[in-house]
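So the structure is just underneath, and the comments pick up after that.
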There are 2 protein chains.
Amino acid sequence: MSASGPTGDELLTVLATLANPHRLRVIAALSRERTYVSRLARDLGISRALLQLHLRKLEAAGLVSAQLELSPDGKAMKFYEVRPFAYRLTPDAIADAAGTLSTDTEDRDRQEGERDGRT
Amino acid sequence: MSASGPTGDELLTVLATLANPHRLRVIAALSRERTYVSRLARDLGISRALLQLHLRKLEAAGLVSAQLELSPDGKAMKFYEVRPFAYRLTPDAIADAAGTLSTDTEDRDRQEGERDGRT
DNA sequence: CACACCTGCTAGATTTTCTTGGCATGTGCA
DNA sequence: TGCACATGCCAAGAAAATCTAGCAGGTGTG
């Protein structure tokens with residue numbers, strides 16, 4: 001029986017998302033303690049706009065999640081936390097996943113299908 | 001005692017290297033069977049020049065290795081094979097590795113040091 | 001009201017990565 | 001010699017990712 005790991009596309013998304021020093025540090029910081037955007041930006045020493053970009057990518061990949069909360073004094077704050085994950089990176093695991101990678105032509109076909117016609 | 005995983009920079013290199021569909025397919029193909037460049041290019045349906053670029057990156061990251069061999073009829077052929085590896089991708093493992101990420105300023109300092117002077 | 005926080009967005013410049021196409025080398029064989 | 005197949009490299013364009021700077025909105029406090 002197969003171990004049934006992630007699909008190729010999922011693995012690829014996770015890899016591409018984690019392949020950035022800022023995002024690794026974000027994961028590291030959030031795994032210690034959940035925080036809100038502005039504070040995290042100060043801690044990491046990067047601009048808020050930049051951090052938001054990285055947070056969006058991490059969230060899109062399913063590696064972190066966000067909750068909008070109101071602080072005691074009524075300010076809206078967006079808290080982020082890591083969402084537990086575990087991927088094995090071995091030749092075999094990759095070989096499994098690679099089989100389900102969508103091809104360039106498949107992508108093109110799918111997009112064309114969506115364009116011309118039926119919802 | 002710490003589990004002593006990869007350094008941040010090493011992990012980052014591996015992630016960046018694997019975050020590409022072609023390179024995932026290369027790992028998959030090589031994990032099935034070692035082959036030489038031209039054949040692999042035909043199998044994967046990509047140009048040789050492109051494949052060589054990806055192979056260079058994979059080799060630089062330590063994920064594959066190459067041996068130059070002479071075929072029975074005397075042609076030089078470069079065989080590649082996967083080099084066994086296993087990385088755990090979890091929040092904790094990343095938190096560990098992130099601590100040893102080199103910073104931008106460190107990089108700049110190092111390069112300046114190399115430029116002006118002493119070998 | 002001004003200030004200090006919090007949030008979100010986007011246009012544009014910059015940098016990096018990816019990809020193609022061409023050229024050069026070498027071997028064996030008809 | 002000409003063809004097939006192997007290797008390597010590089011220039012240059014195309015595409016994608018990154019980052020900055022600036023704008024917008026909200027709340028509570030002095």
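Numbered from 1 within each chain, the chains take letters A, B, ... in sequence-line order. Since the model is a prediction, treat every value here as computed from it, not as a measurement.
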- [ ] Using heavy atoms to find the nearest nucleotide of DNA chain D for Y80(B) and R23(A) separately, return the residue whose nucleotide is more 5′.
- [x]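 Looking at DNA chain D, the more 5' nearest nucleotide goes with Y80(B).
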Without decimals, in angstroms, what is the distance between [X] [atom1] and [N] [atom2]?
X      : N       : atom1 : atom2 : result
L55(B) : dT7(D)  : CG    : C1'   : 13 Å
L68(B) : dT27(C) : CG    : C1'   : 13 Å
L51(B) : dC18(C) : CG    : P     : 14 Å
L53(B) : dT17(C) : CG    : C1'   : 9 Å
F79(B) : dG8(D)  : CZ    : C1'   : 17 Å
K78(A) : dT27(D) : NZ    : P     : 18 Å
E69(A) : dC6(C)  : CD    : C1'   : 13 Å

So, does [X] get its side chain near the phosphate of [N], meaning an N or O under 4.0 Å from OP1 or OP2?
X      : N       : value
S38(A) : dC5(C)  : no
H54(B) : dT19(C) : yes
N20(B) : dC18(C) : yes
Q52(B) : dT7(D)  : no
Y36(B) : dT7(D)  : no
K75(A) : dT7(C)  : no

Task: Residue D73(B), side-chain atoms from C-beta onward, closest of dG28(C), dC19(D), dT7(C) - done: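 Side chain of D73(B) sits closest to dG28(C).
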TODO: When you get a sec, tell me which of dG8(D), dG8(C), dC18(C) is the closest nucleotide to the side chain of K57(B)?
DONE: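 Out of dG8(D), dG8(C), dC18(C), the nucleotide with an atom closest to K57(B)'s side chain is dC18(C).
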- [ ] Write down the atom of V64(A), the atom of L55(A), and the distance for their closest heavy-atom approach.
- [x]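 Of all heavy-atom pairs spanning V64(A) and L55(A), the closest is CG2-O, 4.2 Å.
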- [ ] Heavy atoms only: give me the nearest K78(A)-A66(A) pair and the separation to one decimal.
- [x]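 Nearest pair, atom of K78(A) first, then A66(A): CE-CB, 3.6 Å.
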Are the side chains of [X] and [Y] in touch, meaning some heavy atoms are under 4.5 Å apart?
X      : Y       : answer
T13(A) : E10(A)  : no
L11(A) : L89(A)  : yes
L63(B) : V82(B)  : no
D9(B)  : T100(B) : no

Open item on the list: Please give me every residue in residues 40-50 of chain B whose heavy atoms get under 4.0 Å of an atom in DNA chain C, ordered by residue number.
Closed with: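 The answer is S47(B), A49(B), L50(B).
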- [ ] Give a yes or no on this: more than 12 heavy atoms of other residues, nucleotides or ligands lie within 6.0 Å of atom CZ of R88(B).
- [x]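 For R88(B), atom CZ is not crowded (no more than 12 foreign heavy atoms under 6.0 Å).
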TODO: Please work out if R39(A) contacts a base, only the sugar-phosphate, or nothing of the nucleic acid, heavy-atom cut-off 4.0 Å.
DONE: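 Since no nucleic acid heavy atom lies under 4.0 Å of R39(A), the category is nothing.
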Open item on the list: For a quick check of understanding: with a heavy-atom distance under 4.0 Å over all strands, which category does L70(B) fall into, base, sugar-phosphate or nothing?
Closed with: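 No contact at all - L70(B) keeps every heavy atom at 4.0 Å or more from the nucleic acid.
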TODO: Quick one: name the residues clustered hydrophobically with M77(A), using the 4.5 Å side-chain heavy-atom rule over I, L, V, M, F, W, Y, and just say none if it's on its own.
DONE: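 Hydrophobic cluster check, M77(A): joined to Y36(A), F79(A).
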